[in-house]
Amino acid sequence: MFREVQSTVSLPELEREIIEFWRERGIFRKSLQKPAPEGNFVFYEGPPTANGKPGVHHVISRAYKDLFPRFKTMQGYHVNRKGGWDTHGLPVEIAIEKRLGFTSKAQIEEYGIERFNELCRSYVFENIQDWNEMTERIGYWLNLDDAYITYDNGYIESTWWIMKQLFDRGLLVEDYKTTWHSPSSNTTLASHEVSLGYQEDVEDPSVFPKFAANGQDLLKAGVPPEGDSPNVYFLAWTTTPWTLGANTALAVKPGATYALVQAPKKHGQEAEEKDLYILAHDLVEQVFGETGEVLATFPGENLKGVRYEPVLEGQVPAGTDMAAAYRVILDDFVTLDDGTGVVHLAPAYGDLDLGRKHGLPTIFSVSLTGEVMPQVRAPGTSGDGPYAGMWFKDADEHIANDLLERGLLYRSTTIRHSYPFNWRDGTPLMNVAKKSWYLRTTAVKEQLLANNERINWVPDHIKHGRFGKWLENNVDWALSRERYWGAPMPIWESDDGERICVGSVAQLSELAGRDLSDLELHRPYVDEVTFEKDGKLFRRVPYTVDVWFESGAMPYAQWHYRGEQETPQAHEQLAANFPADYICEAVDQTRGWFYSLHALATLLTATSEDGEPLGPLAHLVGSTPAYKNVISLGHIVDENGEKMSKSKGNVVDPWTVLDAQGADALRWNLYSSSPPGATKRFSQALVDETVRDFFNTLWSTYYFFVLYANLDEPDLAAAPPAQERPLVDRWLAARLTQLVTEVTEQLENYDPTGATRNIRDFVVDELSNWYVRRNRRRFWKSEDDFDKLSAYASLYEALVTVAKLIAPMAPFTSDAIYRNLVLSVDPEAPESVHLAHWPTANESLIDRELLRDMATLVKVVELGRAARAGSGVKTRQPLPELLVRVPTEAQLEGLKRFERELLEELNVKSVRYLDVTADFVEYSIRPNLPLVGKRLGKKIPALRKALEEIDTRMVARNARDGATTTIELEGETFEFEPEAFLLDAKSPEGFAAVEEEGYLAAFDTRLSPELLREGMARDLVRLVQNARKNAGLEVSDRIDLGLVVDGELRQAAGEHLERLKSEVLAHDVNFGELGNGAYSESGEIEGNSLTITLKPVSN
RNA sequence: GGGCGAUUAGCUCAGCUGGUUAGAGCGCGUCGCUGAUAACGACGAGGUCGGUGGUUCAAAUCCACCAUCGCCCA
C-alpha cells in the first residue's frame, strides 16, 4: 500500500534522491507553471558575486530567501525567482591586481584596460560551479538559467537609462566630495581600503596657530579690550599644519563659554611678552596651565562673524567668492574635550560638508599628488611660496617653524593617534575634496522617509533605527568611481563643460553617427566613442558607476527595461514584477542594497504633492518603495560567539554539515534557533540536535504509521469524518487545525522562528509523545474497525498536514513523506508537496472545551506520574485508586470524559474525583495579582496579610459556587470575585500525592494480592516482549510460547493468560519448555525465576 | 567618537502591554518506563536575569548611567 519505510533515515541520502526526482520531473519548473489564482508574489534575488567559495553565511541567507517563495507558491501565488549575479566592483579589481602583482592604477593602465577587464570578467564566475551545487543542494529554488548579470550590455544600458532620467531632472550633478585620497598613487580609496590602512599610534604634529582677530569686530562682539596689546588672537589647534593654507573659517561652539586670556607669546617663554588669546574657558588650564590669566568670559555666540587674519594663503580657484571667508562661525560639532574649542576649518581637506553648510569657499594648499602649491605663502608676500613642491607631510615641520618665528604659533608639539595610510604602499592619505558625480538623494529625503514607513521590516527596529536614522541623515549619493571594471558613466563632456547624458546605445549611435549596437559597453571600448556636436568634441568622463547603483537598478535592469522606448509588454512585465513583496539579505546591506533599491525606487516613482508623476515609472506603478517586506538577517558567528574567520580556523564549511546532517536539518536549525535578525551562533552539534529532536521524531511517527498501515491496509477513504471520531481523535484534529492557523499567520508575518518552533512542539510533544504513545494500541490491537480506522485517518491527516506545513522550511523531508503518504492513496494528487496547496484550517474542528479538557488530563497525568514516582511503587504495578482534584467544576466534568486514558496512563484501577472543597484537602490562598493588582495598588500587602488568616474553606466554597468573597482592608471593604484568588491544594496526609496550582493527584497504595499478581503478569509480558526482540522477531510475527514458572507467578500467568497471549501475539502458551531449537532465555520477577522459550509460527 | 542591537542555567534560547514560585530543549545525576521513536517520563543539581542607581505595593520587564560583545558609520 505505502512504500516501505526504514525506521531510521539518512537525511542527506534522502535529500539527494529528492533532488534527483525534482530534476527528472522538472518540479521547480512545474511550480512556476501551475495555476496562480492569487497572482504574483514578487521576490528579488540580491545578487552575490561568484568569485569565492560559498560559506555558511551564504547558505543562511539563501535558506531564508527560499522559504517564503515556497510558502507563497503553495498558497497559490506565482513566484518568479529570477537569479542574478553581481560582477563588477573594486574587490574584483583588487583580486586581479593582486594576481598581477600590481600596486597602483598606473600599472593597470600600462597593462591595458582591455586585458585587465577581460581578466575581471572571467574571474567573477570562477566558482560558479560551487555556487550552483550549493544552491541546488540546499534546495534553493532560483531561476539560474535566466539569471541577470550586471556586466551584460543590456543590464548596463538600463543603468544608463536610469541615469539619464535623473540627469534630465537635475538630480545627477557634479560637485566636490570629501575623499580619502592616496597622493602616492593619485587615487581615491574606497572606504574599506581606507579601513584596511588605519595605523594606531602614529606620531603627528600638534600645533596651536594664532589667528589675529579684527579689533573692530571684537568690540562689536562685546569682547572688552584689555591692556595695551593691540593683538588679540583666536587660538586654534590642528594636527595638519599643511592644511592651514586652505583655512577659510574658524568654528566655535554655541552655548559654550569662551575666555579672553592673557598668556605668553610662546609656550615655555613665561618671562617674555604676553599676548591676548580667545579660546574656550574650559580648556584654558589644559592649554596654558598656570601661565594663563583669564581676563573676561563671554558666550561663544558673541564671536559669530568676527573676522580674523589667515596665517597662510592658499590657491583660490577661479571664480571663488572669498567674501564669506576668514570669519568665525558657530557649530555644535565643536567639542571641548581637547584642543582649544576654536576649530580651524579647511573645507578642501575634510571639512567640506561644514563648509557647504556655512557657505564657505573652498581653497587649496596641496595638489592631488601631495605637493604643496606655490600659492601657499604668508599673506602679503608674493611669488612662489617657500614650500612649493614640498611633500605635504614634510612641509608640516617647516610651516610650524616659520609660524613660530612669525609669532603666529603658540606651541608646536606632537601627539599619537590613529591615521589612515595607503594599505598597499604605506604612504599617508589625504582627506581631500575632489570633483565627483552625485545623485541628489537629499532632494527626495522626505519621500525616502515616507516610503520607509510603508515597508515591513524584520526585525522592526531596523525601520526607525539603523535604516531610518540613515535616511534622516541622508547625504547625496556619490556615484562616480575612478575605476575600470564597472558600468561606465554615460556622460560625455565637451572642453567647455557642456554635458550630455546618454540614455541608450541607440542614442549614442545617433550622436556618434554610426551603428554601435555591437559596442561592448565597458572601458576601454566605450571611452573610444567620441562625437561632435555644435562644432564641439565630446568625450566620455572617465568614471565608472558605484556598484551599489547597479544593484539598486536591479528591479528594472534585470529586464533590460529602458522606459519610453519599450513595448507595452515590457511595461507590463515591469509593473507585474515591481515592487518586490519580499527581499532578504544580511544586516550589512542596510546601507548597501536595501538603501540602493530604496533610493532608486523612490527617485524613479516619485510623484509631486498633488500626485503628478515626476519619476518615469510613477505612471506605471505609482509612488512606491522597492519592497514591501524585508528580512534583515543577523550575522553568523561560531559557537563561542566569535566571528568566523579563516585566521581563527573556526569557519564551518557548509558541506560538512550538508553531508552529515543534511540541508533540511541545517535549514530548520537556522530558522528555529533564533529570530532572523539575531546574531546566530552556529555549530554542527546544534544541527545534529535538530536532527535528533525534530526530524527523527517526525520520521519515527511516519515510520510507525506506514508500518502498521501496511499490515492493516485500512481503507482511509472510508474513514468517518473527523467530527464523528473518538474524543482523542477530535482533539488531535482540533490541535492540528490550530496549528495550521497559527503557522499560516506566523509565515504571513515573516516569522519562521515562531512557525518552526510551533510545528516542532506539536510534532514532538503532542503528535508523537502524546497522541501516538497514548493510542498505539488502537493501531495494532483494536478489534473495533470504526475506532481503528478513525485512528489511522487521524494520524494520516496529521502527518500529511505536517508534511505540507514544513514544506517551505524542510523541502526534502516533506516531499518524501508527502509523496509516499498522498500518492499511494491518491495517484491523481500533485506529484510533489511543492505543487500541493497549502492546508486550510476548518475552524469548526476547534472544540475549545475538548482542548481545555485534554489540557486538564495532561496536567493531572503529569502530577500523577510525579506522585507515582514518589510512591515507590513501580509503574507496572497497578494501584487501586487515584484521587484527583482540579480547580473548577467544569474541568472536573471535562476530565471525566478522559477517565479511561487517566486509568491507563497511570496504571490505576479506579479514580475518585474530589470535590473542590473536599474536607481533607487543605488550601493556601494567594492573590491573583494581574487581576487585582491594579485595583488594590498600595493595599496589596494588606491583602496578603488578610489571606494568611482567612477561612480558606470558605473561599474555596465561594470559588465553587461562583460567589464573591468580602474582605475588609484598612477600613475599606472589597468584594473579590472567585478568579481574584489562586487556591493551592495541599497534599492530604498519608497519601502519595503531588499538587500544583490547584491541581492534585494522590494514590491509594494499598496493594491486594490480586493487584500484585496483575503487576507480575505485566512484568511477564515485558520479559516475553524482550525475548521476542532478542530472538530477532518482527513486530507482527506470531509465536508459540513456553513458560517455566512457579508459585505466585504461575498463578498470575494463569489469571492473565488471555491478555498475555494477545500482548505478545502468542498463538499457544505451554507451561513447560518448547524444544526443537526454540529460542530460550531466563529471567526473574519479584524473586521468582522463570524461563521463556518461544518460536515463531506461521499465521 | 556617533548610531543600532545584544547580554536570562554549563550550552542554545523563551519570557506578551510591569504582577502568581523566572521557564523550555540539550548536557549532567538518580529513579522509572518501553515492541513506533538514536526515544519517553519523574525527580534533582545548576540563575546576584551584565553592573549600579531610580520609579512602583510590585522590575528580567520601565527610566538613567556604566561595562562587555557584535554590526554600521566617522
Side-chain angles (χ1 to χ4, degrees), chain A residues 5 7-8 191 194-195 335 337 459 461-462 464-470 472-473 586-592 632 634-635 637 639-643 669 672-675 677-683 685-686 688-694 696-708 753 757 760-761 764-765 768-770 772-773 776 779-780 861-870 872-876 905 907 926-934 936-944 981-982 984 994 996-997 1021-1022 1024-1026 1028-1029 1033-1037 1063-1065:
Chain A
V5 173
S7 62
T8 54
S191 60
V194 176
S195 45
T335 67
D337 300 333
H461 62 76
I462 305 275
H464 294 122
R466 188 176 284 219
F467 196 65
K469 290 259 159 56
W470 165 246
E472 275 167 30
N473 297 313
V587 62
D588 55 68
Q589 295 295 331
T590 309
R591 291 164 189 208
S632 169
H635 284 126
V637 294
E639 49 194 324
N640 301 316
E642 300 208 24
K643 206 172 147 179
N669 173 262
S672 60
S673 66
S674 59
T679 303
K680 285 180 185 301
R681 295 199 179 200
F682 181 82
S683 75
L686 293 174
D688 202 52
E689 192 187 313
T690 303
V691 174
R692 290 201 312 271
D693 176 57
F694 179 67
N696 283 354
T697 307
L698 174 62
W699 191 265
S700 64
T701 306
Y702 163 62
Y703 165 75
F704 171 87
F705 174 84
V706 171
L707 179 70
Y708 287 102
T753 314
R757 288 177 178 177
R760 180 261 170 220
D761 288 348
V764 174
D765 296 337
S768 172
N769 287 323
W770 185 251
V772 174
R773 192 174 58 75
R776 53 190 152 178
F779 291 86
W780 77 72
V861 163
E862 275 173 16
L863 291 175
R865 285 199 283 239
R868 267 208 89 111
V873 183
K874 61 190 176 184
T875 312
R876 243 176 284 123
E905 187 68 20
N907 194 17
R926 287 171 297 140
N928 187 356
L929 283 174
L931 212 68
V932 301
K934 288 247 156 47
L936 286 186
K938 293 190 178 179
K939 293 207 164 66
I940 294 278
L943 176 64
R944 284 188 207 273
F981 301 115
L982 299 165
D984 294 318
V994 171
E996 194 176 80
E997 292 171 357
V1021 169
R1022 180 178 62 92
V1024 175
Q1025 299 286 35
N1026 266 342
R1028 284 181 57 112
K1029 206 188 284 184
L1033 299 188
E1034 290 294 320
V1035 175
S1036 55
D1037 287 341
E1063 287 287 325
V1064 304
L1065 299 185

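Every chain is numbered from 1, with letters handed out A, B, ... down the list of sequences. Because the structure is a prediction, the values reported are computed rather than measured.
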* Are A:Arg760 and A:Asp765 close enough that some pair of their side-chain heavy atoms sits under 4.5 Å apart? -> yes
* Asked: Can you tell me how far P in B:G47 sits from the matching atom in B:G35, rounded to whole Å?
  -> 39 Å
* Looking only at non-hydrogen atoms, find the nearest pair between A:Thr590 and A:Ile462 and report the distance. => CG2-CG2, 4.4 Å
* What interatomic distance, in whole Å, is found between P of B:A6 and the corresponding atom of B:U17? -> 13 Å
Distances under 3.5 Å between nitrogen or oxygen atoms of protein and nucleotides 3-5 of chain B:
residue, atom, partner, partner atom, Å
B:G3, N2, A:Arg466, NH2, 3.2
B:C4, OP1, A:Lys469, NZ, 3.1
B:C4, O2, A:Arg466, NH2, 3.4

* Asked: Tell me: CG of A:Leu686 to P of B:U12, nearest whole Å?
  -> 8 Å
* Over all atoms of both residues, closest heavy-atom pair of A:Pro927 and A:Leu943 -> CB-CD2, 3.7 Å
* Interatomic distance where CZ belongs to A:Arg926 and C1' belongs to B:U21 [whole Å] -> 7 Å
* Same-atom distance (C1') from B:A64 to B:A9, integer angstrom -> 29 Å
* To do: Starting from P on B:G25, measure out to CZ on A:Arg760 and report it in whole angstrom.
  => 8 Å
* Asked: Rounding to the closest angstrom, what is the interatomic distance between B:A60 and B:U48 at atom P?
  -> 13 Å
* To do: Taking the side chain as every heavy atom from C-beta outward, state whether A:Phe704 and A:Val772 have any atom pair closer than 4.5 Å.
  => yes
* **Heavy-atom protein contacts under 4.0 Å, nucleotides 32-37 of chain B, coded B base, S sugar-phosphate only, - none** => SSSBBB
* Give the rounded distance in Å between these two atoms: CG of A:Leu929 and C1' of B:U61. => 16 Å
* Pairwise P distance, B:G2 and B:U21 [rounded to whole Å] -> 41 Å
* To do: Please tell me if the side chains of A:Asn696 and A:Thr8 come closer than 4.5 Å, counting only heavy atoms from C-beta onward.
  => no
* Donor-acceptor contact below 3.5 Å, side chain A:Asp693 vs main chain A:Glu689 -> no
* Asked: Is A:Asn1026 close to A:Arg1022 at the side-chain level, that is, under 4.5 Å between some pair of heavy atoms?
  -> yes
* **Nearest-angstrom distance from the residue atom CD of A:Glu689 to P of B:G25** => 11 Å
* Asked: Atom CG of A:Leu943 to atom C1' of B:U20: distance rounded to whole Å?
  -> 13 Å
* Asked: Starting at the 5' end of RNA chain B and moving along, which residue's nearest nucleotide shows up first, A:Ser673 or A:Val932?
  -> A:Ser673
* Whole Å only: how far is the CG atom of A:Asp761 from the P atom of B:G23? -> 17 Å
* When the C1' atoms of B:A59 and B:U20 are considered, how many whole Å apart are they? -> 15 Å
* Asked: So, do A:Tyr702 and A:Trp699 have ring centers that fall under 6.0 Å from each other?
  -> yes
* Taking for each residue the nucleotide of RNA chain B with the nearest heavy atom, is it A:Ile940 or A:Val587 whose nucleotide lies nearer the 5' end? -> A:Ile940
* **Inter-nucleotide P distance (B:G50, B:U61), Å rounded** => 8 Å
* Asked: Which value, in whole Å, describes the distance between the C1' atoms of nucleotides B:G41 and B:U55?
  -> 45 Å
* To do: Please report the shortest heavy-atom distance between A:Asn907 and A:Arg868, naming the atom on each side.
  => O-NH1, 3.0 Å
* **Selection from B:C13, B:U56, B:C72 that lies nearest to any side-chain heavy atom of A:Asp588** => B:C72
* Canonical and wobble pairing (Watson-Crick, G-U, under 3.5 Å) of RNA chain B, dot-bracket with | -> (((((((..((((.....[...)))).(((((.......))))).....(((((..]....)))))))))))).
* To do: State, with a plain yes or no, whether a side-chain heavy atom of A:Arg692 is found less than 4.5 Å away from one of A:Thr697.
  => no
* To do: Using a 4.5 Å cut-off on heavy atoms from C-beta on, say whether the side chain of A:Arg944 contacts that of A:Lys939.
  => no
* A:Gly677 and A:Pro459: which non-hydrogen atoms are nearest, and at how many Å? -> CA-CD, 3.8 Å
* To do: Take atom CZ of A:Arg692 and atom P of B:U12, then tell me their distance rounded to the nearest Å.
  => 16 Å
* **A:Lys680 to A:Pro675 - nearest heavy-atom pair and separation** => NZ-O, 3.6 Å
